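Computed over heavy atoms, backbone and side chain alike; hydrogens, waters and symmetry mates excluded. Being a predicted model, the structure only gives us computed values, none of them experimental. In this chain, numbering begins with 1 at the start of the sequence shown.
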Amino acid sequence: MTDTLIPTRDASLAAIASLSLRTRLFIDGGFRDAQGGGRFTTENPATGKPIAEVAEGGPLDVDLAVAAARRAADDGRWSRLNPADRKRLLIAWADRIDAHREELALIETIDSGKPIADTVSFDIGETANCIRWHAEAIDKLYGQVAPAPEGIVATITHEPLGVVGAVIPWNYPALMAAWKMGPALATGNTMVIKPASYTALSLLRIAELASEAGIPDGVLNVVTGPGASVGEAIGRHDGVDCVAFTGSTDVGRRFLHYAAEGNLKRVLLELGGKSPQIVFPDVTDLVSVAANAAIAIFMNMGENCSAGSRLIVHRSKRAALLEALEVEVANWPVGDPLDSSTRLGPLVSRSHMETVLRYIASGRAEGARVVLGGERVLAESGGYFVPPTVFDGVRNDMTIAREEIFGPVLSVIEFDTEAEAVALANDTPYGLAASLYTDDLHVAHRVARDLKAGVVGVNAYAEGDQTTPFGGYRLSGFGGHDKGVQAHDQYTETKTTWITLRSRP
Ligand code: NAP
Ligand code: MG
């Protein structure tokens, strides 16, 4: 988190009154209407009221955006810039995002329901940080020279793929886009991005800031519109060389079909999760475990792919940990996301709230007990609020323990032995994140090694930071990772150049 002052609700309301929202497609350096002329409404999930009408793009707009990105890729205006110049432009863009942090945070909050305290101090700051971090690496990464025979010089270099498509979810609208844009643009690709329809506004403004920072026209294009038309058109487009997707496993699978039926573009998928948090019997500081467990499941209203939604706790600690959780939940006020003390805003939409409430009903029907939360709150606001909800007495074969809920719903599951804890943790089709709590070095290393997850936090809930790769095992991911310098390679082709030297005359 970056150290920033969170605006008061009154200051935010005043700033919202003077916001000028960007609502049209951003193609080839400028805004334009969708060719079909359509628009769709985006609403504020804290009130259920509309905020703006956004251009509803379609396949023809994707064609236009890909053509612009293709021209920019092929004429080298971006890929052949001096690495130091590409770095400078991306850093100038990151600086502009930072300079517009309050404005972007407000846009993100009213469009998605995320608390202003999070969007100001985390989402937008990390978006700028991610772009800057990848930019700083550009002129510090080297190719290789192979150990070739005498008379040969063989180089191994990385070249941009060309046009990278990206399709983004609504849970961290700006940041998930940055996780793709940072490494893909740093390595010299151009892009066509589709934000989620619930939360399209922040990326349109961020793309405009790229242009203002001097990033050439056509390098970054944003097409808003439904997944079933714009997303599929990007996934199937022969002019797109790679598609990077973050979202549900079901939609992720479709991108593999799109690519297989077309140009075999590279497909990178970051998908869902059902992440375990294991609490071993030697742990004494249950207050700290409860604080971490709450972050793991209630942060961002549980709308987090790596949410720690299964708390797998040793039988001897279950009752005490539940008490500590009950105390901790008081630190997670639900309310207006513009209120600086709110930690849980609304869920992103009415239909998503209804899905989460259906899962809560299924937990009750299958015999688990709600010990905290469990009902919609603040309905009079018109918003879609679900409070921190904890189920006790969950078995790992219940629906709430198997399916990704993507809401603030925690399942508490008991275990007796270390082997049983590991088996329960791994008994899921997913494998994104996991955490474990123990002071025993041997247990920590053994279990961290045994967990089938891309990120394992020991004695804290952790997703790593900008320097560490993020991605999942099994149904949680495919083809690559976000973040870290490792993310650069996946947006490049590897080229061998084999040079035969003539003998000295
Ligand atoms: P989603 O329904 O899969 O949507 C993600 C994106 O795909 C949206 O932009 C959506 O467009 C688009 N889309 C929908 N149908 C499509 C289709 N047939 N073809 C192409 N694109 C299509 O997921 P979500 O509900 O937005 O996000 C929640 C999911 O994302 C969860 O499963 C979560 O775990 C996962 N997630 C994973 C990570 C990670 O890094 N692993 C991070 C965040 C979220 P529209 O919505 O505009 O129609
Ligand atoms: Mg919205």
Rounding to 0.5 Å, atoms CG (Asn300) and CG (Asn171) come to a distance of 6.0 Å
#### Entry: Close side-chain approach of Tyr384 to Glu43, heavy-atom, < 4.5 Å
yes
> So, does Thr389 use its side chain to make a donor-acceptor pair with the main chain of Pro387 at under 3.5 Å?
Replying inline: yes
Practice prompt. Quick one: do Arg39 and Thr41 satisfy side chain to side chain donor-acceptor pair (under 3.5 Å)? Show the steps, please.
Written response: CA-CA 7 Å; Arg39 300 183 81 77; Thr41 304; over 6 Å; no
Between Pro169 and Ala196 the two heavy atoms that sit nearest each other are C-CB, 3.6 Å
* Is a side-chain donor or acceptor of Lys49 paired with a backbone partner of Asn44 at a separation under 3.5 angstrom? -> no
Heavy atoms of Val219 and Ala72 approach each other most closely as N-CB, 4.1 Å
Under 3.5 Å, is there a donor-acceptor pair between the side chain of Asp139 and the main chain of Ala84? no
Note to self: Less than 4.5 Å apart, side chain to side chain, heavy atoms only: is that true for Ser351 and Tyr198?
What the structure shows: yes
Does the side chain to side chain contact (heavy atoms under 4.5 Å, CB included) test come out yes or no for Lys194 and Val223, once each step is laid out? CA-CA 5 Å; Lys194 188 199 102 60; Val223 182; 5.5 Å; no
| Is the Tyr172-Trp179 ring centre distance short of 6.0 angstrom? | no
Exercise. List the steps and the verdict of side chain to side chain contact (heavy atoms under 4.5 Å, CB included) for Val455 and Thr468.
Key: CA-CA 9 Å; Val455 184; Thr468 55; over 6 Å; no
TODO: Check the side chains of Tyr430 and Glu404 for a donor-acceptor pair under 3.5 angstrom, ignoring hydrogens and angles.
DONE: no
SG of Cys130 to CG of Asp465, rounded to nearest 0.5 Å, is 11.0 Å
Do His488 and His158 have side chains that approach each other closer than 4.5 Å (heavy atoms only, starting at C-beta)?
no
Here the pair of heavy atoms bringing Thr492 nearest to Asp489 is OG1-O, 2.8 Å
Those residues at least two apart in sequence (or on a different chain) that pass salt bridge (Lys or Arg N to Asp or Glu O under 4.0 Å) with Glu53 are none
- request: May I ask you to check whether Thr187 and Asn189 show a side-chain donor-acceptor distance below 3.5 Å?
  value: yes
Answer with yes or no whether the side chains of Thr190 and Arg77 bring together a donor and an acceptor at under 3.5 Å. no
Candidate pair Arg205 and Leu21, rule side chain to side chain contact (heavy atoms under 4.5 Å, CB included), full reasoning = CA-CA 8 Å; Arg205 181 72 176 118; Leu21 298 170; over 6 Å; no
On a heavy-atom basis, the closest approach of Ile27 and Ala68 is CG2-CB, 4.3 Å
Within the 4.5 Å heavy-atom criterion, are Asp28 and Arg71 side-chain neighbours or not?
yes
Taken to the nearest 0.5 Å, the spacing of Glu354 CD from Ser349 OG works out to 8.5 Å
**Under 3.5 Å: donor-acceptor pair, side chain of Asp61, backbone of Ala34** = no
Does some side-chain heavy atom of Ile138 sit less than 4.5 Å from a side-chain heavy atom of Leu90?
yes
Scanning both residues in full, the closest heavy-atom pair of Val334 with Pro388 reads CG2-CD, 3.7 Å
Ala128 and Asp98 have their tightest heavy-atom pair at CB-OD1, 3.5 Å
Query raised in the report: Can any side-chain N or O of Thr224 pair as donor or acceptor with the backbone N or O of Ala55 at less than 3.5 Å?
Result: yes
Greater than 12 external heavy atoms within 6.0 Å of Arg253's CZ = no
Residues 64-114 vs ring-ring contact (aromatic ring centres under 6.0 Å, His included), sequence neighbours excluded, gives none
**OP:** May I have the step-by-step check of side chain to side chain contact (heavy atoms under 4.5 Å, CB included) for Leu106 and Glu102, ending in yes or no?
**Re:** CA-CA 6 Å; Leu106 275 177; Glu102 274 80 6; 5.7 Å; no
Check your understanding: Does some side-chain heavy atom of Val240 sit less than 4.5 Å from a side-chain heavy atom of Val192?
Key -> no
Tell me, yes or no, whether the heavy-atom count around Tyr258 atom OH, taken from other residues, nucleotides or ligands under 6.0 Å, exceeds 12. yes
To the nearest 0.5 Å, atom CZ of Phe245 lies from atom CZ of Arg254 at 9.5 Å
Practice item. Kindly say whether Lys495 contributes a backbone atom to a donor-acceptor pair with the side chain of Glu159 at under 3.5 angstrom? Key: no
Compute whether any side-chain donor of one residue and acceptor of the other, for Thr119 and Thr109, lie under 3.5 angstrom apart.
yes
To the nearest 0.5 Å, atom OG1 of Thr42 lies from atom CD1 of Ile107 at 11.5 Å
query: Would Arg70 and Asp241 pass as an ion pair if we require N to O under 4.0 Å?
result: yes
So, are Lys140 and Glu136 salt-bridged, with charged N and O less than 4.0 Å apart?
no
*asked:* Checking the side chain of Gln277 only, and the main-chain atoms of Gly308 only, is there a donor and an acceptor separated by less than 3.5 Å?
replied: yes
Kindly say whether Glu208 contributes a backbone atom to a donor-acceptor pair with the side chain of Ser211 at under 3.5 angstrom? no
Is there side-chain contact between Leu104 and Thr127, with at least one heavy-atom pair below 4.5 Å?
no
- Return yes if a side-chain donor-acceptor contact under 3.5 Å exists between Tyr437 and Ser288, otherwise no. no
- Check for a donor-acceptor pair, side chain of Gln35 on one end and backbone N or O of Leu60 on the other, with a separation under 3.5 Å. yes
- Should Glu270 and Lys180 be marked as a salt bridge (charged side-chain N to carboxylate O under 4.0 Å, His left out) after you check the CA-CA gap, both sets of side-chain angles, and the distance that decides it? CA-CA 11 Å; Glu270 297 289 352; Lys180 316 297 187 201; 5.2 Å; no
Do Pro195 and Pro173 have side-chain heavy atoms sitting under 4.5 Å apart? no
Of Glu126, Lys483, His134, the one forming a side chain to side chain donor-acceptor pair (under 3.5 Å) with Gln466 is His134
Whether Asn221 side chain and Gly218 backbone form a donor-acceptor pair below 3.5 Å:
yes
Note to self: Between Arg343 and Ser341, is there a side-chain donor-acceptor contact under 3.5 Å, judged purely by atom types and distance?
What the structure shows: no
The reported gap from CZ in Phe255 to CG in Leu271 (rounded to nearest 0.5 angstrom) is 10.5 Å
